[in-house]
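Right, one structure below, let's go through it.
Treat the numbers as computed from the prediction; the structure is a model and nothing was measured. Residue numbers start from 1 in every chain, and the chains themselves are labelled A, B, ... in the order their sequence lines are given, proteins ahead of strands.
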Protein chains: 2
Amino acid sequence: MATMKDVAELAGVSLGTVSRVINKAQGIKPQTLDKVNVAIEKLNYIPDQYARGMKLNRTNTIALIVPTIWHPFFGEFAYHVEQELSRLDYKMLLCNSAGPEKEAEYIKMLQQNKVDGIIAITYSSIEEFLSSGIPFVSFDRVFPGMDIAYVASDNKVGAEIAAKTLIEKGCTHFGFVGAHNETENETKKRRQYFEKTIVDAGYKISILDEVEPVPNLKEKIRKFLIANPTIDGIFTINDFAALDVIEVAEDLGIKVPEDLQIIGYDGIKMAMERQYVVSTIKQPLEEMSKKAVELILDIIDDKEHTRQYLIPGYYVEGKTTKK
Amino acid sequence: MATMKDVAELAGVSLGTVSRVINKAQGIKPQTLDKVNVAIEKLNYIPDQYARGMKLNRTNTIALIVPTIWHPFFGEFAYHVEQELSRLDYKMLLCNSAGPEKEAEYIKMLQQNKVDGIIAITYSSIEEFLSSGIPFVSFDRVFPGMDIAYVASDNKVGAEIAAKTLIEKGCTHFGFVGAHNETENETKKRRQYFEKTIVDAGYKISILDEVEPVPNLKEKIRKFLIANPTIDGIFTINDFAALDVIEVAEDLGIKVPEDLQIIGYDGIKMAMERQYVVSTIKQPLEEMSKKAVELILDIIDDKEHTRQYLIPGYYVEGKTTKK
DNA sequence: CTGTTAGCGCGTTCAG
DNA sequence: CTGAACGCGCTAACAG
């Protein structure tokens, strides 16, 4: 590896001059600039970002913490974040938190490594992130009252769209299928506002809302569908739950979407070029990812912008609703 | 951020001593060790990995390059790699190569950043990796004759298992559905040995093997199935192709698996806890990932082990074959 | 067993 | 406009 020193020698200038060229400083004599550039080219010199980072306290690296990358929602999210980051000449350190204990470890690791900031989907306690003083953006979870920057989808609007869509498509007895955990959670609005919209419109609604973890959700769904044979429109907490409902329905001889229409949430696909797996409320992940990146960089640069973004999703028609 | 100097002062020892404590050196007086540890605790001191990396030329970071993380196969792979890496106290830099040009950029970036090594699934030219001199492990692609470390699945064995399984399950007219590109490619063995096994067994086989990119694979499959109505067993180049075959078959009123049995390749799921989407030849990604990590670390440490691993997959029964 | 010191590769004064 | 010198936080070699 060639170093700045080598370049300086070859170009017949001093270290400082080379540094200035690298950093595109003003007022360098075109001639010297040329000499240096030639030397850089010749030696195939590449500045060492870490030596540099040590001085500047900047590493141009952002950490992304997700529960697991092996999941289409997080996979898509990570994809967009990385694309955006790389466009801006940043790198992405990826962490599967896979539980609260590993998250804490990661924070420590990230401090050591001086990543410039963290974007995280975390469902565990956030205090450690705050106290660490590292620029931090929360994704998909809001922290009411706390001064934490976040980007999340507007679950209220999404739930309302789901309800209205099912009503438009002629359903009369509605169901909600989901699971939740104890933490105060933005996703609870999916049930809350779906229920409210249906009730306000004067329709009947039945709820299946288990507490996580749910070992045998399908069995629960089975009983739920049997107990409520008139249900003809279901909104689920996410697309995976919708897939479960489909399987159970098929098993019970209930035809989707003829007898039962289903709308999920998230908008997952198996891969970018594939179809959506169910009719769904799509979270605009590309837009959200870009916003999250913009936010974290603004925070790093101390440009204070709006720090909280709630972005609405939109309905995507799949094969689980009537045309 | 506290530094080593602060710790040394507070503990009343010198920098070197603190360094020794951090690095768990032998032969430190228990008393001093204690003093230092207390000071570290008190100051909440965390060593700066980058300053350290500058000395050691080690960053404890591995880059993983995949075409796109938004894909269940690469998602699972990245998941396992990260898990293993994190277990060994390494971090993972994730890169979506999304085409050859970005790959080259990444190599440069990675040199700058002194990642200790690269694990890559790359279908473009490999020369740049080699010339860069960075420890490198190729995944899912072998380089015959070249001294490149790789981990890949044994496509020959997989294809043979697929053929034998379909034969066992009573098929008599076989089909292969796939696509390939011009690069010399290990995955071509999937077709090659499937075909050979079927022919050797004395059965009839029909082939649909397009050149990538294939804009309308489903239409091609449709024509293929119509032209070959007696096909009752199909092996596809990967699980996505199998999904396409299923959709077309359903559309044509062909029942899967009653009329047509299908075996894919890869063993993708939508997420860890989900089912396999089709009967398939599963690539043992967890094992392969661990091996890839082991390999890259061995190369970094100059421990010369076997540098080429071909790991056989195994048959997984899904819903596209008879019991 | 511990303190001292010389860099690692770079950015940034501060003089010229 | 440019060069020399210092220091970022740390490790390693060498003294003591």
Report summary line: Residues in residues 25-41 of chain B with a heavy atom under 4.0 Å of DNA chain C, by number, are Gly27(B), Ile28(B), Lys29(B), Thr32(B)

**Report entry** Min side-chain heavy-atom separation Leu64(B)-Phe77(B) under 4.5 Å
**Finding:** yes

Excluding sequence neighbours, so at least two apart, what forms side chain to side chain donor-acceptor pair (under 3.5 Å) with [X]?
{"X": "Thr61(B)", "answer": "none"}
{"X": "Tyr45(B)", "answer": "none"}
{"X": "Ser289(B)", "answer": "none"}
{"X": "Asp116(A)", "answer": "Thr59(A)"}

**Report entry** Salt-bridge criterion met for Lys291(B) and Asp298(B) (N-O under 4.0 Å)
**Finding:** no

Query raised in the report: When the C1' atoms of the five terminal pairs at each end define the local axes, what inter-axis angle does the helix from dC1(C)-dG16(D) to dG16(C)-dC1(D) show, to 10 degrees?
Result: 40°

Residues forming a salt bridge (charged side-chain N to carboxylate O under 4.0 Å, His left out) with [X], sequence neighbours excluded:
{"X": "Asp48(B)", "result": "Lys114(A)"}
{"X": "Asp266(A)", "result": "Arg190(A)"}
{"X": "Glu286(B)", "result": "Lys290(B)"}

Query - Outermost DNA chain C nucleotides near chain B [under 4.0 Å, heavy atoms] - result: dC1(C) to dG9(C)

Query raised in the report: Between Arg52(B) and Asn23(B), does any side-chain donor sit less than 3.5 Å from a side-chain acceptor?
Result: yes

Query raised in the report: Is a donor on one side and an acceptor on the other found under 3.5 Å between the side chain of Gln308(B) and the backbone of Ile148(B)?
Result: yes

Query - B/S/- contact track for nucleotides 8-16 of chain D, protein heavy atom under 4.0 Å - result: BBBBBB---

Query - Short side-chain N/O contact to dT2(D) OP1/OP2 from Ser14(A), under 4.0 Å - result: no

**Report entry** Partners passing ring pair (Phe, Tyr, Trp, His ring centres under 6.0 Å) against Phe73(B) (at least two apart in sequence or in another chain)
**Finding:** none

